[in-house]
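Presented below is the structure to which this report refers.
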There are 2 protein chains.
Amino acid sequence: MARKQGSHSGTTGPKVRAAALRLIARYGFAAVSMRQIATDVGVQVGALYNYTPDKQSLLYDLMHSHMAELLTAWDQEATAGTAFARLERFTRFHIRFHLPRADQVFVSYMELRNLSPDNFTKIEAMRRIYEDALDDILRAGEAEGQFIIADSRITTMGLIALLTGVSNWYRDDGRLSVGEIEKIYWDMVRKSVSA
Amino acid sequence: MARKQGSHSGTTGPKVRAAALRLIARYGFAAVSMRQIATDVGVQVGALYNYTPDKQSLLYDLMHSHMAELLTAWDQEATAGTAFARLERFTRFHIRFHLPRADQVFVSYMELRNLSPDNFTKIEAMRRIYEDALDDILRAGEAEGQFIIADSRITTMGLIALLTGVSNWYRDDGRLSVGEIEKIYWDMVRKSVSA
DNA sequence: GTCTATATGAGGATAGAC
DNA sequence: GTCTATCCTCATATAGAC
């Protein structure tokens, strides 16, 4: 039988977050109960409230962590260079970052409507920063004459939808490596904005 | 005060579906209660069960209707011709069909995981038929030498993600007409597969 | 076809013992 | 830090009156 009492500090917190992420990705925020999460972690429901003040905060933490990681990772990846080189960097980075994070991507996209208004505003602001990074690249390339783009904002939204869509079909045991997928998508992106 | 009794047959059924669609799109299937739907329609909760055997069937009906309409509309739109012409047709059709159906798109995409396994299988089969229509065009264009495509299946998924993404940012009162949006996306699609 | 009332169960969150 | 027990609200679905 499972242990009924005792301290397991240091591991329960991360376990709660991991269980919540996986369950919410699979069944949706509203469909997942705190009891389900507790069972998955191996504690009773009351114990969860040592790690989150409420269910909403748990969702926000998951989405905020994801966006913060994304922005930090891109900050470290972004470089100077031609718009062309920067766009390739962005394309490959986006795929490489998101592919191993299917649950985070799913939750961050699907559960926006379940954030409280305040939390939604904060997450949207982070998302906007990321979109603007691509928008900057596109406008730079247009100014340099490397790209022909009808509308940089729409192209930004289009390319991000295209690239994020990888998560819809990618499987770890699929026939293509991440590198091959990056290449295929980079070909499409490159051609779609080409002069 | 609202009427407490009486027959309103002929209108309640569609109203139930319309209310369910709008509420589910906004808050998610699991988060929307039958009571909310009933309130929105203006009846008591028990009355809903004259129009659906249960909540799950209501969701399935919404998604099935959407996919059936989509396939029927594409059947009427599809034409013979060069792969190039067929791809433009598909691109413009996809945007024109989906733009005025934001709620349906959202629900059909987001609530797949809330379908029962049987219902999921049926909806997925319909979705696959639509994807295959694009896949056929791409492979035809490749065979004719009009397109250069690394992998038709991945390109199919990529283009559908790109095109469906329009629903993420489109607003009825935005600065662009549907025709202008079709044009911008067709430029991207055309170039992305160009030889 | 709709209403009211109810059966039956699950939900988020909290209090207090250990 | 976790457990048990509980409060209070809400859920889906059904039964039977009108």
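Every heavy atom of this structure was used, including side-chain atoms; hydrogens, water molecules and symmetry mates were not. Letters A, B, ... mirror the listed sequences (proteins, then strands); counts begin at 1.
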Is it true that the side chains of A:D54 and A:S57 contain a donor and an acceptor less than 3.5 Å apart? yes

Can A:R17 and A:S65 be counted as having a side-chain donor-acceptor contact under 3.5 angstrom? yes

ring-ring contact (aromatic ring centres under 6.0 Å, His included), that's the test. Do B:Y130 and B:H94 meet it? Break it down for me. CA-CA 10 Å; B:Y130 187 65; B:H94 187 95; 5.6 Å; yes

For a quick test of reading the model, state the closest non-hydrogen atom pair linking A:Q36 to A:L23 and the distance between them. O-CD1, 3.9 Å

What is the distance, to the nearest angstrom, from the CG atom on A:L59 to the P atom on C:dG12? 13 Å

Separation of atom CD in A:Q44 from atom C1' in C:dA17, rounded to whole Å: 15 Å

Side chain of A:Y51 - closest among C:dA13, D:dG1, D:dA13: D:dG1

Any side-chain heavy atom of B:F29 sitting closer than 4.5 Å to one from B:V107? no

Compare the minimum distances between each of C:dG1, D:dT2, D:dT6 and the side chain of A:N50, then state the nucleotide with the smallest one. D:dT2

Counting only side-chain nitrogens and oxygens, does A:S33 get under 4.0 Å of the OP1 or OP2 atom of C:dA10? no

Whole-Å gap separating P (C:dG9) and CE (B:M34): 20 Å

A:D54 CG to C:dA13 P, straight-line distance once rounded to whole Å: 5 Å

The answer to which of A:A47 and B:V32 contacts DNA chain D further toward the 5' end, by nearest nucleotide, is A:A47

Using whole Å, report how far NZ of B:K55 lies from C1' of D:dA11. 8 Å

Rounded distance in Å - CD1 (A:I37) to C1' (C:dG11): 12 Å

Look at the side-chain N and O atoms of B:T12 and state whether any lies under 4.0 Å from the OP1 or OP2 oxygen of C:dG1. no

Reckon B:Y49 has a side-chain N or O less than 4.0 Å from the OP1 or OP2 of C:dG1? no

Round to the nearest Å and state the distance from A:R35 atom CZ to C:dT14 atom P. 13 Å

Pairwise 5' ranking along DNA chain C for A:G46 and A:Q36, keeping only the more 5' one: A:Q36

